[in-house]
Amino acid sequence: MNTPLSVPAFENLPNSEDVVQISQWLKDAGLSSLELSNAQGTRLRISVGGCDIPASGVMPHAAAPLPIPTEDSPSTNIPVTAAYFGNLLLSNPITKEAFAPEGSSVRAEETVAMLQIGELTVPITAPQSGTVVQVMAKEGDLIGYGQTILTLCPS
């Protein structure tokens with residue numbers, strides 16, 4: 001019978017670099033997930049099973065989920081959301097050129113932002129062609145899974 005490991009209590013969620021390190025430790029140990037909780041009800045679950053990081057350190061892009069229309073939201077703008085978590089990059093880290101500033105036109109699957117998780121960068125792509133209506137977050141913001149980064153007016 002396996003005995004559970006003693007893990008010290010945590011008061012704050014770990015930062016993105018710590019989560020990357022914990023994920024690597026889990027992978028190295030052959031474990032698929034870790035779940036922590038504290039007395040205040042904060043819960044953290046990290047899963048690493050079935051995710052191979054390419055040698056380049058850049059994850060393949062994932063299309064942002066399309067919004068579900070509701071009667072309360074007659075707007076046809078499309079939110080572009082984060083498929084991962086990390087620090088937001090609105091400009092290319094090498095060329096410093098903005099990916100998709102407000103008012104710019106983008107094509108479907110074009111990179112509109114990136115998330116940086118330690119040394120790993122993950123592109124966020126436009127789900128369809130359109131014009132950037134509003135950028136909802138700032139450069140360097142810590143972005144969570146599913147958070148809206150910008151909105152597009154479809155073309």
Side-chain angles (χ1 to χ4, degrees), residues 10 12-28 31-37 41-155:
F10 70 96
N12 298 314
L13 292 175
N15 62 38
S16 59
E17 290 85 6
D18 291 340
V19 171
V20 170
Q21 181 63 62
I22 293 167
S23 299
Q24 188 60 50
W25 289 336
L26 287 171
K27 186 176 179 183
D28 292 347
L31 300 172
S32 62
S33 65
L34 170 72
E35 187 168 327
L36 302 171
S37 61
T42 303
R43 295 178 62 147
L44 171 68
R45 182 178 181 137
I46 301 173
S47 298
V48 295
C51 180
D52 292 326
I53 299 173
S56 68
V58 177
M59 295 289 287
H61 68 280
L66 293 175
I68 299 170
T70 65
E71 291 182 39
D72 295 346
S73 58
S75 172
T76 59
N77 290 345
I78 306 295
V80 177
T81 59
Y84 304 96
F85 70 92
N87 292 100
L88 183 63
L89 301 176
L90 294 173
S91 300
N92 184 309
I94 297 170
T95 66
K96 306 299 182 206
E97 184 177 326
F99 286 115
E102 288 182 9
S104 64
S105 294
V106 296
R107 296 181 317 273
E109 302 303 319
E110 182 177 340
T111 299
V112 296
M114 295 186 104
L115 293 176
Q116 186 170 28
I117 309 163
E119 294 183 22
L120 177 73
T121 55
V122 180
I124 303 300
T125 60
Q128 65 185 67
S129 297
T131 302
V132 177
V133 176
Q134 183 178 16
V135 178
M136 311 292 282
K138 297 182 304 227
E139 181 81 19
D141 282 354
L142 181 59
I143 301 297
Y145 172 79
Q147 184 174 341
T148 299
I149 296 169
L150 57 86
T151 56
L152 293 176
C153 179
S155 56

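The analysis underlying the following values was restricted to heavy atoms, covering all of them including side chains, and did not include hydrogens, waters or symmetry mates.
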Main-chain N/O of Leu90 paired to Glu139 side chain as donor or acceptor, under 3.5 Å: yes
Donor-acceptor check, side chain of Thr121 to backbone of Gln116, threshold 3.5 angstrom: yes or no? no
Consider side chain to side chain contact (heavy atoms under 4.5 Å, CB included). Of Val106, Ile149, Val135, which one does Val112 pass it with? Val106
With Leu115, which of Tyr84, Tyr145, Phe85 fulfils side chain to side chain contact (heavy atoms under 4.5 Å, CB included)? Tyr84
Supply the atom-to-atom distance [X] [atom1] to [Y] [atom2], rounded to the nearest 0.5 angstrom.
X	Y	atom1	atom2	result
Thr148	Ile78	OG1	CD1	11.0 Å
Glu109	Thr125	CD	OG1	4.5 Å
Leu152	Thr131	CG	OG1	8.0 Å

Closest approach of [X] to [Y] (non-hydrogen atoms, all atoms of both residues):
X	Y	answer
Val80	Pro127	CG2-CD, 3.7 Å
Leu88	Ala137	CD2-CB, 3.5 Å
Ser91	Lys96	CB-O, 3.8 Å
Gln134	Glu102	CA-OE2, 3.6 Å
Asn77	Pro154	CA-CD, 4.4 Å
Ala82	Ile124	CA-CD1, 4.2 Å

Glu110: which residues meet the salt bridge (charged side-chain N to carboxylate O under 4.0 Å, His left out) condition with it, sequence neighbours left out? Arg107
Kindly write out the residues that satisfy side chain to side chain contact (heavy atoms under 4.5 Å, CB included) with Gln147, not counting sequence neighbours, or none if the list is empty. Ile143
